[in-house]
Student: 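Before we start, here is the structure in question, set down as structure tokens.
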Protein chains: 2
Amino acid sequence: MRPTLQDMASILNLSKSTVSRALAGDPRVAEVTRHRILTLAQQIGYRPNPVARGLATRRTNTIGLAVPCGPRSFSDPFYLEFLGAVGDTAMKYGYSLLLSTADSDGAGGYRSHMELADSARIDGMILTEPKVADERVRMLKEMDLPFVFLGVAQDPNVSWVSGDNRGGAAKAVTRLIELGHMRIACVTGPRDQTASGARFEGYCRALAEAGMSLDRNIVAAGDFTQAGGYIAMRSILEHEKDISAVFACNDVMAFGVMRALREAGLLIPNDVSVLGFDGIPLARYMDPPLATVRQPILELGTTVIEVLVEQMNGKSGCPIHRVLPVEFQPACSIAPPERASGSVSGAV
Amino acid sequence: MRPTLQDMASILNLSKSTVSRALAGDPRVAEVTRHRILTLAQQIGYRPNPVARGLATRRTNTIGLAVPCGPRSFSDPFYLEFLGAVGDTAMKYGYSLLLSTADSDGAGGYRSHMELADSARIDGMILTEPKVADERVRMLKEMDLPFVFLGVAQDPNVSWVSGDNRGGAAKAVTRLIELGHMRIACVTGPRDQTASGARFEGYCRALAEAGMSLDRNIVAAGDFTQAGGYIAMRSILEHEKDISAVFACNDVMAFGVMRALREAGLLIPNDVSVLGFDGIPLARYMDPPLATVRQPILELGTTVIEVLVEQMNGKSGCPIHRVLPVEFQPACSIAPPERASGSVSGAV
DNA sequence: ACGAATAATACAACCGGTTGCATTATTGAC
DNA sequence: GTCAATAATGCAACCGGTTGTATTATTCGT
């Protein structure tokens with residue numbers, strides 16, 4: 001049986017409260033007493049019971065983390081990196097992570113996330129993939145639980161941390177344009193995610209700044225999965241072969257795009273350049289290595305925790321927004337177009 | 001303030017215990033009373049406080065999960081899939097997941113894992129990547145906490161769930177041999193992991209059964225990361241160019257191997273065939289798609305939980321071992337060798 | 001109609017901590 | 001030497017549940 005405060009108190013002929021205070025560093029206990037207590041604690045390996053402490057203090061030192069992975073949803077390695085960073089930083093701040101994976105019921109149901117939030121087991125929560133009108137926001141506010149989104153939340157009263165989606169996309173697409181690409185396709189993320197919109201806007205802005213017009217025929221909606229990128233690319237190729245580059249709004253979709261292009265007999269980057277977004281480590285191991293926009297995944301993870309901690313300790317109820325810079329990461333998947341316009345033989 | 005048992009009791013002029021028992025389905029409370037209680041609970045949205053319950057029952061309905069990801073270690077998408085499956089199954093059984101990411105101190109320290117295990121916050125623990133003489137086993141046994149490994153643990157008294165590493169590797173390598181490959185290199189995992197040994201043994205067995213001898217010159221130790229696979233492959237290529245196939249002991253190392261081969265100017269599969277292990281979804285998106293041994297990741301996840309639940313409820317203190325079948329997943333990264341022996345021009 | 005069996009509920013201790021306040025011991029001032 | 005201030009510790013309530021046992025109300029047999 002693991003020793004309790006009471007055990008220590010009995011051994012030392014003290015009261016629970018004194019022992020508790022000694023351990024908590026309360027200046028009211030005499031130095032000599034504290035020393036006896038600490039020595040004994042060390043000796044018998046006393047470790048406070050976090051559950052009991054949680055009940056007494058109503059703080060669990062635990063953070064809820066909602067990650068989009070589950071048997072139904074394809075998993076994006078991005079989130080494993082993120083998870084690692086969050087876990088590490090949380091530990092540094094003395095917090096544990098309680099996980100909520102995606103709902104198995106799918107259907108965009110957030111039941112498991114909300115149950116975790118409302119369970120009185122966590123002090124705060126980290127949410128990912130904010131949606132345009134995210135229903136979770138209302139529910140979380142009602143619960144009066146501090147929370148932070150990874151990704152831009154629409155509601156200005158919500159705290160979030162995000163990479164510079166718009167700016168990063170714009171910069172990278174501009175790079176494609178500078179290389180001479182005139183018709184750049186885009187495979188977007190799911191419409192309801194704010195990140196999709198922002199990256200697409202970056203794409204649009206780059207085109208606009210170059211005086212190019214947006215052509216809806218070479219834009220297709222993906223879903224941030226490999227399979228989605230593959231399908232989206234195929235649908236574009238079906239009726240439109242006159243493109244020289246593709247911007248996929250995340251790396252795993254870019255993998256799908258590359259596969260679709262290969263299957264269509266197109267060479268990367270000779271026939272079509274491909275650009276991703278996220279900068280997951282695997283991007284460098286593609287053939288050819290995928291040019292992408294590197295998000296500072298580690299910093300995103302640490303910042304999310306820092307912001308959340310601030311919110312949890314914070315008297316300041318004011319929301320915090322952090323945009324972290326992203327970086328264009330060039331690689332062999334992009335090159336100048338081989339011909340001025342269109343590269344696919346057989347184009348009209 | 002969220003309502004408590006006492007609140008409900010006061011409203012209904014009952015005692016805490018009656019309300020508690022009604023909610024727990026104790027047959028001693030009258031049906032009519034139970035109905036009043038359930039109605040009120042529904043109405044005011046009563047939800048029992050898991051922390052208080054945990055203190056009282058000494059069961060937290062939480063499972064600890066140690067996943068190898070963190071800022072120091074490269075992350076294997078395999079574990080994100082696994083995480084999803086585990087999370088989903090855990091939820092079905094009414095358990096939450098408390099995460100322990102890799103230690104940031106590296107050095108193979110398992111401090112954070114052990115702290116979680118010893119924290120009295122979890123009812124059982126899932127550990128990954130068992131090592132040959134895994135120090136965690138001793139510590140966990142001392143703590144008297146049920147636990148299950150993903151992967152074969154050496155100690156026969158420890159429960160584990162694993163894919164058929166040896167059999168799967170043997171079968172797949174045999175397939176390479178049947179295709180006519182005479183010199184098959186192998187990039188192993190870290191020596192201290194049991195999975196590495198088993199997969200390597202499968203490789204050896206396949207060679208032996210075909211009457212081929214093991215050549216240490218074309219075996220290199222990787223570390224289950226892309227970079228490790230890359231480096232290992234390069235070191236093999238340095239002094240040994242007479243190979244026609246490579247078996248990498250997991251998929252992400254295979255990605256590194258493919259990169260190293262490409263950089264050496266070798267075509268896959270024309271010059272060298274590549275075989276992986278794990279069957280992560282990304283394997284199909286490589287160029288060429290990577291042949292691999294598909295582990296039933298979902299089933300591994302669900303089985304791990306099932307076994308752990310059995311251990312936690314279990315009167316039977318006897319360990320449970322489950323080997324799940326794996327499946328060779330052919331793909332274009334393997335093909336018959338173009339020449340009888342060796343494919344690299346310039347070989348002696 | 002009475003005692004025993006049974007059904008329904010209440011009481012109180014407990015899980016292992018934290019914390020406001022009371023109590024005791026020590027010290028210093030005058 | 002007395003009293004107030006101060007230091008050190010103890011008491012007891014509390015967090016929100018669970019659970020063993022006591023208590024009260026009802027039913028039944030005879």
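Just so you know, these numbers come straight off a predicted model, no measurement behind them. The figures here come from the full heavy-atom set of this structure, side chains too, leaving out hydrogens, waters and symmetry mates. Proteins come first, then strands; the chains are lettered A, B, ... in the order of their sequence lines, and each starts at number 1.
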Student: Between residues 25-40 of chain A and DNA chain C, which residues have a heavy-atom gap below 4.0 Å?
Tutor: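 Result for residues 25-40 of chain A: A:R28, sorted by number.
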Student: Apply side chain to side chain donor-acceptor pair (under 3.5 Å) to A:T62 and A:R121, showing your working.
Tutor: CA-CA 7 Å; A:T62 303; A:R121 270 183 311 193; over 6 Å; no
Student: Between atom CG of B:L145 and atom CE of B:M114, what is the distance when rounded to the nearest 0.5 Å?
Tutor: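 Between atom CG of B:L145 and atom CE of B:M114 there are 9.0 Å.
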Student: May I ask you to say whether A:R58 pairs ionically with A:D123, meaning some side-chain N is under 4.0 Å from a carboxylate O?
Tutor: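 No, no charged N to carboxylate O under 4.0 Å.
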Student: Under the ring pair (Phe, Tyr, Trp, His ring centres under 6.0 Å) rule, collect the residues that match up with A:H321, sequence neighbours excluded.
Tutor: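 A:H321 satisfies ring pair (Phe, Tyr, Trp, His ring centres under 6.0 Å) with A:W160 once adjacent residues are dropped.
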Student: Pick from B:L150, B:D76, B:V304: which one makes a side-chain contact (heavy atoms from CB on, under 4.5 Å) with B:T128?
Tutor: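 Single side-chain contact (heavy atoms from CB on, under 4.5 Å) partner of B:T128 among B:L150, B:D76, B:V304: B:L150.
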Student: Picking from B:R136, B:K131, B:R138, what satisfies salt bridge (Lys or Arg N to Asp or Glu O under 4.0 Å) with B:D134?
Tutor: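 Single salt bridge (Lys or Arg N to Asp or Glu O under 4.0 Å) partner of B:D134 among B:R136, B:K131, B:R138: B:R136.
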Student: Could you identify which residues of residues 13-22 of chain B place a heavy atom less than 4.0 Å from some atom of DNA chain C, listed by residue number, or say none?
Tutor: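 Those residues are B:N13, B:L14, B:S15, B:S17, B:T18, B:R21.
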Student: Whether the B:E129 and B:Y79 side chains hold a donor-acceptor pair (N or O, under 3.5 Å, no angle test) is what I'd like checked.
Tutor: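 Side-chain D/A pair, B:E129 to B:Y79: present.
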Student: With distance as the sole criterion, is a donor-acceptor pair present between the side chains of A:S17 and A:S20 under 3.5 Å?
Tutor: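 There is no such pair (donor and acceptor under 3.5 Å, judged by atom type) between the side chains of A:S17 and A:S20.
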Student: Atom CG of B:L5 and atom P of C:dT9: how far apart are they, to the nearest Å?
Tutor: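 For the pair B:L5 CG and C:dT9 P, the rounded distance is 16 Å.
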Student: For the helix from C:dA1-D:dT30 to C:dC30-D:dG1, what angle separates the axis at the start from the axis at the finish, each from five pairs, in steps of 10°?
Tutor: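 Helix axis angle between the two ends: 60°.
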Student: Hey, are the side chains of A:L99 and B:L98 touching, using non-hydrogen atoms and a 4.5 Å cut-off?
Tutor: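 With C-beta onward as the side chain, the pair stays apart.
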Student: Is there a side-chain contact between A:I126 and A:F149, using heavy atoms and a 4.5 Å cut-off?
Tutor: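 SC-SC contact between A:I126 and A:F149 ruled out.
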Student: Reading DNA chain D from 5' to 3', where do the contacts with chain A start and stop? Cut-off is 4.0 Å to heavy atoms.
Tutor: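 The footprint of chain A covers D:dA8 to D:dG16.
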Student: Does some side-chain heavy atom of A:L308 sit less than 4.5 Å from a side-chain heavy atom of A:P146?
Tutor: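 With C-beta onward as the side chain, the pair touches.
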Student: Who are the side chain to side chain contact (heavy atoms under 4.5 Å, CB included) partners of A:L38, not counting sequence neighbours?
Tutor: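 If we apply the side chain to side chain contact (heavy atoms under 4.5 Å, CB included) test to A:L38, skipping adjacent residues, the hits are A:L23, A:R34.
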